[in-house]
Undergrad: 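Pasting in a structure now, in structure tokens, and then I'll have a few things to ask.
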Amino acid sequence: MDSVQERIKNDVTNNSVVLYMKGTSQMPQCGFSAVVVQILNTLGVPFKDVNVLEDVEVRQGIKDYSNWPTIPQLYINGEFVGGCDIVREMYQAGELQALLKEKGILSK
Amino acid sequence: MPKHEIESLLRESFPDAEIDIKDLAGDNDHFQATIVSNSFAGKTRVQQHQMVYQALQGKMGAELHALALKTEIPLDN
């Protein structure tokens, strides 16, 4: 099996919330990535950030993994939840908070 | 990538849809597209957006840098 795919699988399996983004959560380097970071921070959700700009293999690998052509990509409990548009829509609809509570990541 | 090209690619895959595309930055590279189509019925947001990316035939992330997507099902359904 391709080792990048394995690495990604390990990361999303071993961490409840993983955000593949451009830049870091402290210093996002893209407006779309920054939006997702902002939402997660506002909700107080702890997450692992992976800076795809530092790793060319992951930058392509994550797109193959999810069959999704863009960054950022948010994973919750190993499942791809969406990019910036979807995360924002879910947040505005309260669906993101509900999902996080359901998964035990946010307390009820 | 010119707006009309995005539109024709989308119309090929979503012939019944209402499609509205805005050029957000005036640079032909950051767009917002709202697509209202019956073919989205019963699908998750991720699946709906994946359908749109497939309609763009690999151009997303290549000739097209940013496309903010809003996918919806017609209200009068």
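Not measured: the values here are computed from a predicted model. Every chain is numbered from 1, with letters handed out A, B, ... down the list of sequences.
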Undergrad: With a 4.5 Å limit on heavy-atom distance, are the side chains of R45(B) and E95(A) in contact?
TA: yes

Undergrad: Any chance you could lay out the side chain to side chain contact (heavy atoms under 4.5 Å, CB included) test for T70(A) and M60(B), step after step, and finish with the verdict?
TA: CA-CA 8 Å; T70(A) 55; M60(B) 188 69 232; 3.7 Å; yes

Undergrad: Atom OG1 in T44(B), atom CD1 in I86(A): separation rounded to 0.5 Å?
TA: 7.0 Å

Undergrad: Measuring from N67(A):CG to Y53(B):OH, what's the distance to the nearest 0.5 Å?
TA: 11.0 Å

Undergrad: Is atom CD of E18(B) surrounded by more than 12 heavy atoms (other residues, nucleotides or ligands) closer than 6.0 Å?
TA: no

Undergrad: Show the nearest heavy-atom pair for residues V81(A) and V46(B), with the distance to one decimal.
TA: O-CG2, 3.2 Å

Undergrad: Quick one: what part of Q54(B) sits under 4.5 Å from any heavy atom of chain A, side chain, backbone, both or neither?
TA: side chain

Undergrad: Using the rule that Ile, Leu, Val, Met, Phe, Trp and Tyr join whenever any side-chain heavy atoms are under 4.5 Å apart, tell me whether F40(B) and I19(B) fall into a single cluster.
TA: yes

Undergrad: So if you build clusters from Ile, Leu, Val, Met, Phe, Trp, Tyr with side-chain heavy-atom gaps below 4.5 Å, do F32(A) and V37(A) land together?
TA: no

Undergrad: What's the spacing between H49(B) NE2 and E89(A) CD if we round to 0.5 Å?
TA: 6.0 Å

Undergrad: With a 4.5 angstrom heavy-atom cut-off, is it the side chain or the backbone of F80(A) that approaches chain B, or both, or neither?
TA: both

Undergrad: Might you confirm whether atom CD of Q60(A) has over 12 heavy atoms from other residues, nucleotides or ligands at distances under 6.0 Å?
TA: yes

Undergrad: Do Y91(A) and L69(B) belong together in a cluster built from hydrophobic side chains that touch within less than 4.5 Å?
TA: yes

Undergrad: In the single-linkage hydrophobic clustering (I, L, V, M, F, W, Y; side-chain heavy atoms under 4.5 Å), do L43(A) and V35(A) co-cluster?
TA: yes

Undergrad: Can you hop from L9(B) to V52(B) via hydrophobic side chains spaced under 4.5 Å?
TA: yes

Undergrad: Pick one of side chain, backbone, both or neither for L56(B), based on which atoms fall under 4.5 Å of a heavy atom in chain A.
TA: neither

Undergrad: Looking at W68(A), is its backbone amide N or carbonyl O close enough to the side chain of Q50(B) to form a donor-acceptor pair, meaning the two atoms are under 3.5 Å apart?
TA: no

